[in-house]
Enquirer: 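Shown below is the structure under consideration.
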Amino acid sequence: MMPTAPSPPPQHVAIIMDGNGRWATRRGQPRAAGHEAGVRAARTAVRACRDAGVRVLTLYAFSSENWLRPTAEVDFLLALFVRSMEAELETLHAEGVRVRFIGDRAALPPSLRAVVQRTEQHTAGNPGMVLVIALAYGGRQDLLRAVRVLAGRIAAGAMAADQIDEALLGAHLDLADLPDPDLLIRTGGEYRVSNFLLWHLAYTELYFCDLLWPP
Ligand code: IPE
Ligand code: IPE
Ligand code: MG
């Protein structure tokens with residue numbers, strides 16, 4: 001029998017990395033230990049996707065609703081992001097990964113905003129996989145930001161409402177220049193999208209699994 005050709009990898013994989021807290025609780029550890037393990041799992045996922053030939057990987061690291069968690073957990077997560085990105089920057093750069101961030105940047109503390117900007121600038125010319133990290137991201141907020149820009153233009157008389165079509169609205173969203181995800185993976189056993197890429201998931205295949213994000 002002729003061997004079948006391996007199917008091509010998805011172009012764009014998006015992941016809702018859920019289950020860090022439960023992973024730690026099951027081990028009798030604080031939730032923070034779960035978030036540290038979550039970062040290690042994210043590193044593994046980045047390498048695995050890159051090796052598989054995925055062109056874009058989008059990771060949901062912190063949602064707009066995650067601000068409502070206890071202050072100590074939010075502060076720990078924000079500091080963890082700063083620490084992890086500083087630690088990973090040179091490795092990602094050496095691997096040719098281009099890192100980008102989506103979400104409400106203005107809501108981030110200055111230390112995190114600075115490392116986000118530094119990481120984007122440092123890796124901007126890289127030819128390899130695009131790694132998109134969603135921080136303080138909400139799909140509804142993404143749509144609202146785009147609608148406000150377009151409404152402002154209409155109010156200023158620069159365009160008419162019926163000029164808004166799918167292409168124009170899509171072009172004003174955070175992932176404007178990238179293809180929509182072909183595949184969304186959510187770990188942690190919840191069957192919902194939790195305000196992730198609402199516009200972009202219109203035709204995305206959804207894969208939910210009960211495994212927690214850290215292995
Ligand atoms: C996902 O894990 C990480 C973030 C949302 C930052 P959780 O912290 O939601 O873990 P569970 O769902 O409570 O187990
Ligand atoms: C989704 O997980 C957000 C991230 C993984 C960053 P959550 O744990 O915050 O989502 P809900 O609360 O189960 O909807
Ligand atoms: Mg969760």
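Note that this is a predicted model, so its numbers are computed, not measured. All ligand and atom numbering here is 1-based and tracks the order in the structure.
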Enquirer: When the ring planes of Y191 and F208 are compared, do they come out parallel, tilted or perpendicular, using 30° and 60° as the limits?
Expert: tilted
Enquirer: Which ligand 2 atoms, with their elements, are less than 4.0 angstrom from a heavy-atom of N66?
Expert: 3 (C), 6 (C), 9 (O)
Enquirer: Side chain to side chain contact (heavy atoms under 4.5 Å, CB included) for Y60 and I15? Distances and angles first, verdict last.
Expert: CA-CA 6 Å; Y60 203 9; I15 308 182; over 6 Å; no
Enquirer: Should you measure from each heavy atom of R22, which atoms of ligand 1 turn up under 4.0 Å away?
Expert: 11 (P), 12 (O), 14 (O)
Enquirer: Looking only at protein heavy atoms, identify the closest one to atom 10 (O) of ligand 1 and say how far it is in Å.
Expert: G21 N, 2.9 Å
Enquirer: Please list the nearest protein heavy atom to atom 1 (C) of ligand 1 with its residue and the distance rounded to 0.1 Å.
Expert: M17 O, 3.1 Å
Enquirer: Search all heavy atoms of C49 against all heavy atoms of L57 and return the closest pair with its distance.
Expert: SG-CD1, 3.9 Å
Enquirer: Return each pair, listed once, that meets side chain to side chain donor-acceptor pair (under 3.5 Å) where at least one residue sits in residues 5-24; pairs must be two or more places apart or across chains.
Expert: Q11-R55, H12-T58, D18-R22, D18-R186, N20-H35
Enquirer: With atom 13 (O) of ligand 2 as the reference point, say which of E190, R192, R69 has the nearest heavy atom.
Expert: R192
Enquirer: Would you mind listing which atoms of ligand 2 come within a distance below 4.0 Å of any non-hydrogen atom of Y60?
Expert: 3 (C), 4 (C), 5 (C), 6 (C)
Enquirer: Where on L212 is there a heavy atom closer than 4.0 Å to ligand 1, on the side chain, on the backbone, on both, or on neither?
Expert: neither
Enquirer: Using every non-hydrogen atom in the two residues, find where M129 and V54 come nearest and quote the distance to one decimal.
Expert: CG-O, 3.4 Å
Enquirer: Atoms of ligand 2 less than 4.0 Å from F62 heavy atoms?
Expert: 6 (C)
Enquirer: In chain order, what residues pass the side-chain contact (heavy atoms from CB on, under 4.5 Å) check against L201, with sequence neighbours excluded?
Expert: P181, L184, V193, L197, T204
Enquirer: Give the C-alpha distance, both sets of side-chain angles, the deciding distance and a yes or no for side chain to side chain contact (heavy atoms under 4.5 Å, CB included) between V132 and F101.
Expert: CA-CA 5 Å; V132 182; F101 295 85; over 6 Å; no
Enquirer: For residues S64 and G138, report the shortest heavy-atom separation together with the two atoms involved.
Expert: OG-CA, 3.2 Å
Enquirer: Quick one: nearest non-hydrogen protein atom to atom 3 (C) of ligand 1, plus distance?
Expert: N20 ND2, 3.5 Å
Enquirer: Salt-bridge test for R83 and E36: reply yes if a basic N is under 4.0 Å from a carboxylate O, no otherwise.
Expert: yes
Enquirer: Purely on distance, is any nitrogen or oxygen of D18 under 3.5 Å from one on ligand 1?
Expert: yes
Enquirer: Should the pair E120-R98 be classified as a salt bridge under the 4.0 Å nitrogen-to-oxygen rule?
Expert: no
Enquirer: Give the residue, atom name and distance (to 0.1 Å) of the protein heavy atom nearest atom 14 (O) of ligand 2.
Expert: S194 OG, 2.6 Å
Enquirer: Mind checking whether G19 has a heavy atom under 4.0 Å from ligand 1?
Expert: yes
Enquirer: Has D18 got an N, O or S atom lying less than 2.8 Å from the Mg ion (ligand 3)?
Expert: yes
Enquirer: For I16, take its heavy atoms, then give the atoms of ligand 2 lying under 4.0 Å from any of them.
Expert: 1 (C), 5 (C)
Enquirer: Suppose we measure from atom 6 (C) of ligand 1 to each protein heavy atom; which comes out shortest, and what is that distance?
Expert: A61 O, 3.3 Å
